[in-house]
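What follows is a single structure, written as structure tokens, with notes after it.
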Amino acid sequence: MILTLTLNPSLDRTIEIASLARGAVIRAAAARLDPGGKGVNVSRALLANAVASRAVVPFGGDEGRQLVRLLALEGLDMVTVPVAGTTRSNVTLAEPDGTVTKINEPGTALTPAELDTVADAVLAAAHEADWVVASGSLPPEVPADVFARLCRRFAGAGIHVAVDTSGPALVAALGAGPALVKPNLDELAAATGLPILRVGDVVEAADLLRAAGARTVLASLGADGAVLLQDRGVWYGEAAVSEPRSSVGAGDAMLAGFLAGGGRGEAALVEALAWGAAAVRLPGSRMPGPSDIDRAHVRTGPPDLTRPLTTCHPAPGREPLPPVPTP
């Protein structure tokens, strides 16, 4: 069973438009409302493919109650934790060429007592889990080391922890030795201070994350595919999408596919890419089911380190991560 934790879940409204024109009145072609949050999406993707999962979800206010109703309608196995604040709402504007503009609310602060209650819910459910997925942004006032503490807590119990977050929370988690981290290009560049212009730069940056403590790095590269570093292996893969609808949740579907595929090696990377590409072909943050997933268009193999990336990330101007000290 795969347990997911989303500290900052959301209601995600996706509006499809012909084009984004600042200051204009824009007519929507279609709109949909989905439950959101990275861990929530991982659980939804696993549910859609009959993989056992349970989601720990704090919720508050009318938006939070609507989020829980939507998840219940999908049949998601979840542990809900009521909080005093209001669950955030996010808006995504999706254009026909796959361009996505997102407006994400910061979310509501969790009190120390509420955070303790959420942690207790995770600990109570984790004894049945093979993996705990800690993902998404942190609400205001939540300590940056919250995922790091989770990693340390479960390491002794033999439970693998996957972390998919950004900024200080990602950097803090690395030192706790997570079994897996899944950064995107922005997160790689921000965490390592390296310019990322080629596939070789991705490999170098992912190596730094491993030197800092992560055992496996699955780097999602958007339209350029993904790179996996695990043990002594390095794999590159891509899955072409001819008609993209929305990239919202695609990275979460990728992580779900990787874990559903066993969480190891090239075969798991194939699943990750197939699930992620399927999500891009769907509207809003809908998660793909078996009929949506096409593995025939996935290509994997050794990385071409000289291959340029479609989207470049210049150096963000910080020092690279130091390696974890040897005990």
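All values below were derived from every heavy atom in this structure, side-chain atoms included, with hydrogens, water molecules and symmetry-related copies excluded.
For the pair Ser246 (side chain) and Val280 (backbone), a donor-acceptor distance under 3.5 Å is absent. Asn41 places no side-chain N or O within 3.5 Å of a backbone atom of Lys38 that could act as its donor or acceptor partner. The main-chain N or O of Leu229 is never found under 3.5 Å from a side-chain atom of Arg232 such that the two would form a donor-acceptor pair. Remark: the backbone N or O of Pro308 is not paired with any side-chain donor or acceptor of Asp224 at under 3.5 angstrom. In terms of modelled atom types and a separation under 3.5 Å, the side chain of Thr165 and the main chain of Ser137 share no donor-acceptor contact. The backbone N or O of Asn8 lies less than 3.5 Å from a partner atom in the side chain of Arg88, making a donor-acceptor pair. A donor-acceptor contact shorter than 3.5 Å is absent between the side chain of Arg44 and the backbone of Glu74. Between the side chain of Arg210 and the main chain of Asp231, a donor-acceptor pair closer than 3.5 Å is present. A donor-acceptor contact shorter than 3.5 Å is absent between the side chain of Gln230 and the backbone of Thr216. Between the Glu187 side chain and the Ser166 main chain, no donor and acceptor come within less than 3.5 Å of each other.
Applying the 6.0 Å contact sphere to CZ of Arg32 captures more than 12 heavy atoms from other residues, nucleotides or ligands. More than 12 heavy atoms of other residues, nucleotides or ligands sit less than 6.0 Å from atom CZ of Arg149.
How far CG of Leu20 is from OG1 of Thr99: 9.5 Å, rounded to the nearest 0.5 Å. Between atom CG of residue Leu305 and atom OH of residue Tyr236 there is a gap of 12.0 Å, rounded to the nearest 0.5 Å. Distance CD1/Ile2 to OG/Ser43: 8.5 Å, rounded to 0.5 Å. In this structure, the separation between CD1 on Ile103 and CG on Leu93 is 5.5 Å, given to the nearest 0.5 Å. Separating the CZ atom in Arg299 from the CG atom in Leu273 is a distance of 11.5 Å, to the nearest 0.5 Å. Of the inter-residue distances, the one linking Phe258 atom CZ with Arg264 atom CZ reads 8.0 Å to the nearest 0.5 angstrom.
Under the 4.5 Å side-chain contact rule for hydrophobic residues, Leu209 and Val161 share a cluster. Hydrophobic clustering, with ILVMFWY side chains joined whenever heavy atoms are under 4.5 angstrom apart, keeps Trp235 apart from Val227. Under the 4.5 Å side-chain heavy-atom criterion for grouping Ile, Leu, Val, Met, Phe, Trp and Tyr, Val56 is connected to Leu7 within one hydrophobic cluster. A continuous path of hydrophobic side-chain contacts links Val270 to Val51 [ILVMFWY only; heavy atoms under 4.5 Å]. Linking ILVMFWY residues whenever their side-chain heavy atoms come closer than 4.5 Å, directly or via other members, leaves Leu5 and Val42 in distinct clusters.
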Problem set entry | CA sep, side-chain torsions, deciding dist, call: Asp12, Asn90, side chain to side chain contact (heavy atoms under 4.5 Å, CB included) | CA-CA 5 Å; Asp12 285 356; Asn90 298 332; 3.3 Å; yes
Problem set entry | Val181/Leu170 under side chain to side chain contact (heavy atoms under 4.5 Å, CB included): CA gap, chis, key distance, verdict | CA-CA 8 Å; Val181 295; Leu170 172 59; 4.2 Å; yes
For this session: Carefully, step by step, assess Ile293 and Asn49 under the rule side chain to side chain contact (heavy atoms under 4.5 Å, CB included).
Result: CA-CA 10 Å; Ile293 296 170; Asn49 291 275; 3.4 Å; yes
Exercise. Does the side chain to side chain contact (heavy atoms under 4.5 Å, CB included) test come out yes or no for Arg54 and Thr4, once each step is laid out?
Worked result: CA-CA 6 Å; Arg54 181 174 298 145; Thr4 67; over 6 Å; no
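Contact record, Val79 with Ala121: CG1-CB, 4.0 Å, taken as the closest heavy-atom pair. Here the shortest heavy-atom pairing between Pro58 and Thr6 reads CD-O, 3.0 Å. Closest approach of Leu138 to Pro143, counting heavy atoms only: CD1-O, 3.5 Å. In this structure, Ile15 and Ala28 approach most closely via the heavy-atom pair CG2-CB, 3.4 Å. The minimum heavy-atom distance between Gly263 and Ala268, with the atom names listed, is N-CB, 3.8 Å. In terms of heavy atoms, Ala148 sits closest to Ala172 at CB-O, 3.4 Å.
Between Arg286 and Asp292 there is a salt bridge, since at least one side-chain N of the basic residue sits less than 4.0 Å from a carboxylate O of the acidic one.
The side-chain heavy atoms of Leu259 and Leu180, taken from C-beta on, include a pair separated by under 4.5 Å. Side-chain atoms of Arg281 and Asp294, non-hydrogen and from C-beta on, do get closer than 4.5 Å to each other. Contact check for Arg245 versus Leu282: no side-chain heavy atoms found under the 4.5 Å cut-off. Put simply, the side chain of Glu238 does not reach to within 4.5 Å of the side chain of His297, judged on heavy atoms. Counting heavy atoms from C-beta on, the side chains of Thr108 and Thr87 never come closer than 4.5 Å. Residues Ile17 and Glu95 meet the side-chain proximity criterion, which asks for heavy atoms closer than 4.5 Å. Side-chain atoms of Leu218 and Leu269, non-hydrogen and from C-beta on, do get closer than 4.5 Å to each other. Residues Val122 and Phe154 have side chains in contact (heavy-atom distance under 4.5 Å, counting atoms from C-beta outward).
Using modelled atom types, one finds a donor on one side chain and an acceptor on the other under 3.5 Å when comparing Glu266 with Thr300.
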When the side chains of residues 112-120 are checked against the rest of the protein, which donor-acceptor pairs come out under 3.5 Å, sequence neighbours left out?
residue, atom, partner, partner atom, Å
Glu114, OE1, Thr111, N, 3.0
Glu114, OE2, Ala84, N, 2.8
Thr117, OG1, Ala113, O, 3.0

Would you list the atom pairs, donor with acceptor, under 3.5 Å between side chains in residues 123-135 and any protein atom, with sequence neighbours excluded?
residue, atom, partner, partner atom, Å
His127, ND1, Ala124, O, 2.7
Asp130, OD2, Met1, N, 3.0
Ser135, OG, Gly39, N, 2.9

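Under a 4.5 Å side-chain heavy-atom criterion applied to ILVMFWY residues, the cluster that includes Leu11 comprises Leu33, Val40, Leu47, Val57, Phe59, Leu67, Val68, Leu70, Leu71, Leu76, Met78 as well.
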